[in-house]
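I have placed the structure first, in the form of structure tokens, so that the comments after it can refer back to it.
This chain uses plain numbering: 1 for the first residue, then up along the sequence.
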Amino acid sequence: MIHVPEFHLGKNFLDNGMTKLLITLVLIILAPMIPLYILNISSPIWLPYKSSKSRKCDIFRGTWISYQNMPYYNNATCREIFDQQNCMKFGRPDTDFMKWKWKPDECELPRFDAEQFLELVRGKSMAFVGDSLGRNQMQSLQCLLARVVYPEDIISYTEDKSFKRWFYVNYNFTLASSWAPHLVRTIDTDPNGPTNNSFLNLYLDEADDAWAAQIETYGYVIISAGRWFYGPQVFYENGKVVGCHRCLKNTIKNLTMFYGYRKAFRTSFKTLLSLARFSGVTFLRTLSPAHFENGEWNKGGNCVRTQPVSNGEMKLEGGDLELYLTQVKEFRRAKREGKRRGLDFRLLDISAAMVMRPDGHPNHYGHWPHENVTIADCVHWCLPGPIDTWNELLLQMLKRERH
């Protein structure tokens with residue numbers, strides 16, 4: 001609590017009065033800079049302070065309200081849904097998780113308008129860069145746009161299967177997805193492929209060519225990364241080992257995953273800023289929270305809820321909160337630099353909304369029961385499901401870019 005000294009009338013009343021006035025003015029000036037959690041105001045600490053005088057609605061603050069309309073699509077009308085997120089196909093019995101709408105505190109979030117989206121991106125290109133959650137959002141977008149048109153088959157500009165493209169002929173719009181879960185160049189030390197405990201060598205000052213070599217002409221880049229940084233990693237800079245996370249080697253300096261995470265985003269943003277022909281808009285899609293309950297992810301944890309939780313009942317904490325704060329800090333750094341160079345950076349801040357949606361994950365409904373997969377998926381999102389809101393938010397941001 002901020003303490004303002006008391007003053008009493010007396011012969012120094014004028015001096016004391018002036019002092020109190022000055023202190024009051026200072027507090028008024030500094031108030032917007034004081035974090036909300038210090039003031040004990042009921043708001044997630046990851047949301048920036050918003051002045052009551054602001055006329056611009058913050059679409060990332062709000063709550064989930066009941067909405068009984070049918071979802072935009074289903075697994076019969078959209079052919080792009082991966083089985084791992086096809087919850088209805090694999091027998092999820094409840095549908096309540098599809099009957100909620102994100103309601104910003106001070107305005108409305110319009111329903112997704114596929115024709116409007118396609119008109120806004122006519123003649124342009126958009127790439128999702130990151131891990132499978134980025135692909136999860138891209139497939140949601142494909143399903144939403146399928147109400148109007150399906151794209152042509154993948155355009156094979158390159159043999160690199162980690163960068164895939166789809167083309168919407170009538171709108172001259174290219175949609176792409178790049179598999180780059182660490183964003184930077186990564187070498188797997190396990191010859192049989194990545195596992196949860198295999199060591200990965202991360203070259204923190206080198207962007208992954210899977211996306212960096214392809215992205216220069218894209219008009220919109222949605223970049224994201226998260227859960228892959230929890231695994232064992234050895235960090236390289238300038239071609240030399242600088243430390244590691246969970247490697248348990250006395251000969252290597254122990255660094256946290258947040259060190260690698262910060263460097264990976266810094267390198268990615270620096271790469272976008274340095275590309276000679278890149279003039280697009282970069283969106284950072286913030287951390288998508290996992291919702292394992294009743295145990296850790298590999299120790300029986302699951303996500304069996306069927307409805308959202310109330311605001312404040314769940315929150316980002318621990319490693320997830322630190323990852324969120326790290327990526328936002330690097331985003332702000334890049335945004336400042338981008339402003340000097342004439343490049344736009346935008347924050348697609350889905351974290352506060354999605355932390356309230358423990359009901360939206362596949363859990364065990366991403367495979368047939370006879371497949372005997374014991375680990376629940378409380379990371380990805382069912383399609384259709386709450387992840388469709390990410391693209392509702394993206395559409396509003398594109399409309400703002402146009403204006």
Q. Counting only heavy atoms not in K399, do more than 12 sit closer than 6.0 Å to its NZ atom?
A.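 Counting neighbours around NZ of K399, more than 12 heavy atoms of other residues, nucleotides or ligands fall under 6.0 Å, so yes.
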Does the [X] side chain pair with the main chain of [Y], one donor and one acceptor, at a distance under 3.5 Å?
| X | Y | value |
| --- | --- | --- |
| E371 | W368 | yes |
| W100 | Q307 | no |
| T186 | V184 | yes |
| Y73 | L145 | no |
| H361 | H380 | yes |
| D208 | A210 | yes |
| N363 | Y365 | no |
| S162 | S178 | no |
| R402 | L120 | yes |
| Q327 | L287 | yes |

Q: Go through the steps to decide whether W102 and R357 satisfy the test side-chain contact (heavy atoms from CB on, under 4.5 Å), and finish with yes or no.
A: CA-CA 11 Å; W102 178 246; R357 294 307 308 267; over 6 Å; no
Does the pair [X]/[Y] count as a salt bridge with the N-to-O cut at 4.0 Å?
| X | Y | answer |
| --- | --- | --- |
| D320 | R227 | yes |
| R92 | D94 | yes |
| R305 | E313 | yes |

[Y] and [X] aromatic ring geometry - parallel, tilted or perpendicular at 30°/60° bounds:
| X | Y | answer |
| --- | --- | --- |
| F117 | F112 | tilted |
| F283 | Y220 | tilted |
| F269 | F345 | perpendicular |

Give the minimum heavy-atom separation between [X] and [Y], together with the two atoms involved.
| X | Y | answer |
| --- | --- | --- |
| D113 | Q116 | OD1-N, 3.0 Å |
| N391 | S140 | ND2-OG, 3.0 Å |
| R400 | I59 | NH2-CG2, 3.7 Å |
| F97 | G360 | CD1-CA, 4.5 Å |
| T374 | H364 | O-CE1, 3.1 Å |
| G134 | S224 | CA-OG, 4.2 Å |

**Q.** Polar side chain donor-acceptor pair, Y324 to D349, under 3.5 angstrom
**A.**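 A pair is found: one side chain offers a donor N or O, the other an acceptor, under 3.5 Å apart.
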Q) For the rings on H367 and F90, is their centre-to-centre separation under 6.0 Å? A)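 Here the rings of F90 and H367 have centres that are no less than 6.0 Å from each other.
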Q: Could you grab the distance from atom CG of L348 to atom OG1 of T282, nearest 0.5 Å is fine?
A: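 The CG atom of L348 sits 12.5 Å away from the OG1 atom of T282.
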Q) Taking atom CD of Q137 and atom CG of L383, what is their separation to the nearest 0.5 Å? A)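 With rounding to 0.5 Å, CD (Q137) is 10.5 Å from CG (L383).
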Q: Would you please test Y236 and V242 for side-chain contact (heavy atoms from CB on, under 4.5 Å) and show each step?
A: CA-CA 6 Å; Y236 288 76; V242 296; over 6 Å; no
